[in-house]
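The structure under discussion appears below in the form of structure tokens.
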There are 2 protein chains.
Amino acid sequence: MEDKTQLADFQAEVLPQLETHMGKHLATLNSAPKLQKAMSYSIEAGGKRIRPLMILLICQARGRVLDDDVLSVAGSLEFMHTYSLIHDDLPEMDNDDLRRGKPTNHKVFGQDIAVLAGDALLTEAIGWLAETNLAPELQVKLIKNLSQASGANGMVAGQTGDILGEQKTLTLTELMDVHRKKTGMLLEYACVAGGLLVNADEQQSENLRSFGQNFGLAFQIYDDILDVVSTTEKMGKKVHKDLAENKNTFPRLLGLDQAYEALNETLEQARKNLAQLAKTGFDVTLLAQLLGYFEAK
Amino acid sequence: MEDKTQLADFQAEVLPQLETHMGKHLATLNSAPKLQKAMSYSIEAGGKRIRPLMILLICQARGRVLDDDVLSVAGSLEFMHTYSLIHDDLPEMDNDDLRRGKPTNHKVFGQDIAVLAGDALLTEAIGWLAETNLAPELQVKLIKNLSQASGANGMVAGQTGDILGEQKTLTLTELMDVHRKKTGMLLEYACVAGGLLVNADEQQSENLRSFGQNFGLAFQIYDDILDVVSTTEKMGKKVHKDLAENKNTFPRLLGLDQAYEALNETLEQARKNLAQLAKTGFDVTLLAQLLGYFEAK
């Protein structure tokens, strides 16, 4: 069990900066008032900010100053993640009424505005990267990686697989592919982006990418487990929904005990990645504490 | 009345190249089969390809070779435009069953896949720019301009204004603002992108941008006029729909005669922009012929 005191302090220091930075950027967009409200609503609905936090933690692990450019890269990723939540919650998709303890975007603003708010956040997520003061070569690499992680063979393909998979039982390999695309690739991107921001060398980049993949897999197994063992109150969204909808999940395919075992094995791999990074000058203390996320609650 | 022979020849030569180039790029995306089919369906549904054509015409006007990078910038814009059509046609938006003479995307693939196909095309439109071999500085400029033209204060804001405007009568200024954002800014981007690809100087860039704005306005006035005077057969989509839905249009606000007059005045402005460009070394022959688009049909 990792001590999480320092991580909690770090979060308490940097996450408010991230919120302010995202709020400021939203304000500059100067969009149609209702659209602007709908975008802000979902950004301000909170959440754990795990993806941008990962970027900030990697920068911290190499002593890179968390300047406006770093905060923009982190905020851009949260915009991308938030768009995906808005669209996933739509009636024609997962049809969810509750997200992060609040009514979903389309419940408040209507289905048309929810589609548009998602479209706008997606566009601005990538556009924001082009507006940073980072070197153009770096901007292009970030944009290329983000669009690949979130596009036709990334997150969108994962959501497609998730929807189409509802009609049949997937194998473990198929389920892992869907999850890797739907959730994993954006977490992997967070680690790749962090690596780009700290000029990681090839070996470090490989370890960061692998850490992101393992973190993403652990994240999804854990999320599936929580849907079985947690309550709506704790989660801020409906639970036991996967079972009711006959969804493909790790507990359903493996049983709950085996799902916990898969989680622990994946976390072990992630710790090995961190050990490798520590050997090449990364201070991985807080990143290791982040793995404690999967044991809390 | 412009002679359009040379333009027709140019289109016959380059548009098939563009189609092939877009098809090849779609194939590289290697997405979930149903998603891939849905994306290809709307890209292959055709249309006039006015936006990418504009980029190709500007390159031609300065003698820039229409290499793979130019075709990618052109194709990227058509991806962006196509995503917007798929989402605009959704039941929660304009609820259209017919587009370019074929059933709309959600009619064929379902509403969930249509949302996702749009999301994927949007993401890949921008991502494609980051994958070209153009100089990184140029890639970043293109991405910045494209995301601004299509995002929260561009095309998405225009569609928002269009939807919300249905409930009230707009003033001419409000109508022009909605149209500029919904349709104009992407046509303006086409001219800006063309200018970037030919290294236009400041004055040339300004004239290209202004030409794009005038072209965009003419485009929308003409589209509104056609909805009054044309037939479903000719258009490949429903006509007289604006009137039935009490939409804000130029003919409704100005009357048909005045709408024609506004069209002609706008075209006159566009011709002045071309005359300026011609003075600084652009061969504007084909661009001038493109204005004939508004008198045909």
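We name chains A, B, ... by the order of the sequence lines, and we start the count at 1 in each one.
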[X] versus chain B, the contacting section by heavy-atom distance below 4.5 Å:
{"X": "L29(A)", "answer": "both"}
{"X": "K144(A)", "answer": "both"}
{"X": "L164(A)", "answer": "side chain"}
{"X": "Q111(A)", "answer": "both"}
{"X": "L138(A)", "answer": "neither"}
{"X": "M39(A)", "answer": "side chain"}
{"X": "Q36(A)", "answer": "neither"}

Closest heavy-atom contact between [X] and [Y]?
{"X": "A157(A)", "Y": "S31(B)", "result": "CB-OG, 4.0 Å"}
{"X": "V156(B)", "Y": "A120(A)", "result": "CG1-CB, 4.0 Å"}
{"X": "V140(A)", "Y": "A130(B)", "result": "CG1-O, 3.5 Å"}

**Study point:** Approximate separation, where rounding is to 0.5 Å, of N95(B) CG and D112(A) CG
**Key:** 11.5 Å

Can you find a heavy atom in the side chain of [X] that is under 4.5 Å from one in the side chain of [Y]?
{"X": "D119(B)", "Y": "M155(A)", "value": "no"}
{"X": "E92(A)", "Y": "E92(B)", "value": "yes"}
{"X": "Q148(B)", "Y": "E131(A)", "value": "yes"}

Check your understanding: Quick one: what part of L90(B) sits under 4.5 Å from any heavy atom of chain A, side chain, backbone, both or neither?
Key -> side chain

Point to revise | side chain to side chain contact (heavy atoms under 4.5 Å, CB included) assessment of T123(B) paired with S150(A) | key: CA-CA 7 Å; T123(B) 312; S150(A) 53; 3.6 Å; yes

Practice item. Heavy atoms only, distances under 4.5 angstrom: which of V115(B), I113(B), L116(B) has the most pairs with chain A? Name it, please. Key: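 Answer, by heavy-atom pair count under 4.5 Å with chain A: L116(B).
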
Practice item. Determine the option with the most heavy-atom pairs under 4.5 angstrom with chain A, choosing from I143(B), L122(B), N30(B), I126(B). Key: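 Result: the option with the highest number of such pairs is L122(B).
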
Check your understanding: Got more than 12 heavy atoms from elsewhere within 6.0 Å of CE, M176(B)?
Key -> no

